[in-house]
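These notes concern the structure reproduced below.
In what follows, chains are A, B, ... by sequence order, proteins preceding strands, each numbered from 1.
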Protein chains: 2
Amino acid sequence: MDSVTEISGSALELPGLSPANADPELDALVREIIGRVADKWTMLALEVLEEHGPLRFTRVGELIGDVSQKMLTKTLRQMEADGLVVRTVFPVIPPRVEYHLTDLGRGLSEAFCGVWHWAEQHRDTIKASRLAFQERAAAAAQGD
Amino acid sequence: MDSVTEISGSALELPGLSPANADPELDALVREIIGRVADKWTMLALEVLEEHGPLRFTRVGELIGDVSQKMLTKTLRQMEADGLVVRTVFPVIPPRVEYHLTDLGRGLSEAFCGVWHWAEQHRDTIKASRLAFQERAAAAAQGD
DNA sequence: CTGAATCCATATGGATACTG
DNA sequence: CAGTATCCATATGGATTCAG
């Protein structure tokens with residue numbers, strides 16, 4: 001059939017992190033997506049929309065906390081472009097715009113849950129590591 | 001016993017994304033960690049160290065690809081501070097420095113695997129969404 | 001080889017003001 | 001209300017140079 005050798009056959013194998021892709025384009029896309037998702041505001045927007053369901057623009061901002069209007073707009077637009085949220089404009093005055101997660105967005109939220117959890121579970125270890133590192137650095141500085 | 005109410009009791013419940021933490025400090029740390037991990041170079045460094053085991057400084061850079069020496073140093077130092085990698089200096093000339101993942105680093109790599117996989121599996125959907133979004137934008141621009 | 005230090009271009013993001 | 005547009009400060013990151 002197709003002459004392209006299927007290296008891993010199925011996506012269910014879960015290789016370490018990245019398989020030997022040999023496809024730079026796909027690799028770049030994956031990285032871009034991850035980088036985008038990892039963005040602070042995207043992550044938080046994902047959170048509040050997952051937790052509270054459909055929300056108005058201003059409400060999303062309130063729930064996120066200290067996001068500027070500019071970044072909120074940018075973030076939500078990006079998420080819309082990537083198909084993570086749907087933006088619904090109600091042609092009323094004053095304007096009413098609602099955002100809600102798509103299945104894709106929810107799936108991403110779930111996928112990210114693992115990382116979130118890891119961070120929560122190991123927060124103490126990380127804090128301890130940072131402290132130890134600082135002290136090693138301080139000791140080295142003194143030992144000059 | 002302790003007077004602090006245990007809200008979720010166990011970490012095995014996997015709430016949507018963030019539980020109602022009510023602990024802004026923890027929340028901030030978690031976000032910082034995630035943000036750091038999500039960093040482009042950290043992620044790639046995690047990858048190559050997971051795949052290839054202990055590596056020398058230059059070798060990590062080669063495997064990552066186009067990272068500058070400055071960013072590689074910064075990334076690895078940060079990972080060391082967070083306890084994700086161990087940096088071993090061999091006092092020889094020329095210098096030989098090896099980096100290898102800790103258990104913490106490997107755990108993170110695994111946790112991130114879910115996101116990686118999500119991105120791989122939905123790359124086509126995302127690409128399609130972006131295209132559709134662009135076309136909607138173009139159509140709207142014309143319809144002015 | 002493994003960095004540290006510097007210069008510099010660009011990206012990021014907040015504050016503010018304005019619009020429909 | 002839900003943005004857009006602008007100004008501006010800072011952060012980021014590449015290129016280059018120097019050093020142990």
Side-chain angles (χ1 to χ4, degrees), chain A residues 28 31-32 34-45 48-49 52 54-81 85-100 133 136-138 140-141 143-144, chain B residues 28 31-32 34-45 48-49 52 54-81 85-100 133 136-138 140-141 143-144:
Chain A
R31 265 184 246 156
E32 188 200 333
I34 291 179
R36 186 166 292 196
V37 169
D39 169 76
K40 183 181 176 185
W41 303 127
T42 302
M43 206 167 45
L44 294 177
V48 303
L49 287 170
H52 298 83
L55 293 172
R56 297 182 62 161
F57 179 83
T58 303
R59 188 65 183 138
V60 175
E62 288 172 359
L63 290 171
I64 285 182
D66 61 342
V67 61
S68 69
Q69 179 273 331
K70 179 184 177 181
M71 289 313 296
L72 184 55
T73 299
K74 184 182 172 186
T75 300
L76 289 172
R77 279 296 192 290
Q78 214 158 238
M79 293 174 75
E80 188 195 2
V85 303
V86 172
R87 176 172 176 269
T88 310
V89 181
F90 297 88
V92 296
I93 296 176
R96 175 189 185 86
V97 180
E98 272 193 4
Y99 295 87
H100 69 265
F133 182 78
R136 282 201 303 277
D144 275 346
Chain B
R31 266 183 243 157
E32 187 200 334
I34 291 180
R36 187 167 292 196
V37 169
D39 169 76
K40 183 181 177 186
W41 303 128
T42 301
M43 205 165 48
L44 294 176
V48 303
L49 287 170
H52 298 83
L55 292 172
R56 297 183 61 162
F57 179 83
T58 304
R59 189 65 183 136
V60 176
E62 288 171 0
L63 291 171
I64 285 182
D66 60 345
V67 61
S68 69
Q69 176 270 324
K70 180 184 178 179
M71 290 312 298
L72 185 55
T73 299
K74 183 183 172 185
T75 300
L76 289 172
R77 279 295 191 291
Q78 213 156 238
M79 292 174 74
E80 188 195 2
V85 302
V86 173
R87 177 172 175 266
T88 310
V89 181
F90 297 88
V92 296
I93 297 177
R96 175 190 184 85
V97 179
E98 271 192 6
Y99 296 85
H100 65 87
F133 182 79
R136 282 200 303 276
D144 277 345

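- Whole-Å rounding puts the B/M71 CE to C/dC8 P distance at 20 Å.
- In this structure, the CG atom of A/D39 is 11 Å from the C1' atom of C/dG13, given to the nearest Å.
- The distance between atom CH2 of B/W41 and atom C1' of D/dA11, rounded to the nearest whole Å, is 17 Å.
- Here C/dG3 presents its P atom at 12 Å from CZ of B/F90, a figure rounded to the nearest Å.
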For B/V85 and B/R87, run side chain to side chain contact (heavy atoms under 4.5 Å, CB included): C-alpha distance rounded to whole Å, both residues' side-chain angles, the deciding distance at 0.1 Å, then the answer.
CA-CA 6 Å; B/V85 302; B/R87 177 172 175 266; 5.6 Å; no

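- The distance from atom CG of B/L49 to atom CD1 of B/I64, rounded to the nearest 0.5 Å, is 7.5 Å.
- Taking atom NZ of B/K74 as the reference point, atom P of C/dA5 lies 14 Å away to the nearest angstrom.
- B/V67 is not listed as a side-chain neighbour of B/L44, based on a closest heavy-atom distance of 4.5 Å or more.
- Under the 3.5 Å distance criterion, with hydrogens and angles disregarded, a donor-acceptor pair is assigned to the side chains of A/T73 and A/Q69.
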If the sugar-phosphate is the primed atoms plus P, OP1 and OP2 and the base is the rest, what is the B/S/- string for nucleotides 1-6 of chain D, using protein heavy atoms under 4.0 Å?
BSBB-B

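- Note that the CE atom of A/M43 and the OG1 atom of A/T75 stand 11.0 Å from one another [nearest 0.5 Å].
- Rounded to an integer number of Å, the gap from B/L72 CG to D/dG14 P is 11 Å.
- Atom CG in A/D66 sits roughly 12 Å away from atom C1' in C/dG13 (whole-Å rounding).
- The distance from atom CG of A/L63 to atom CZ of A/R56, rounded to the nearest 0.5 Å, is 13.0 Å.
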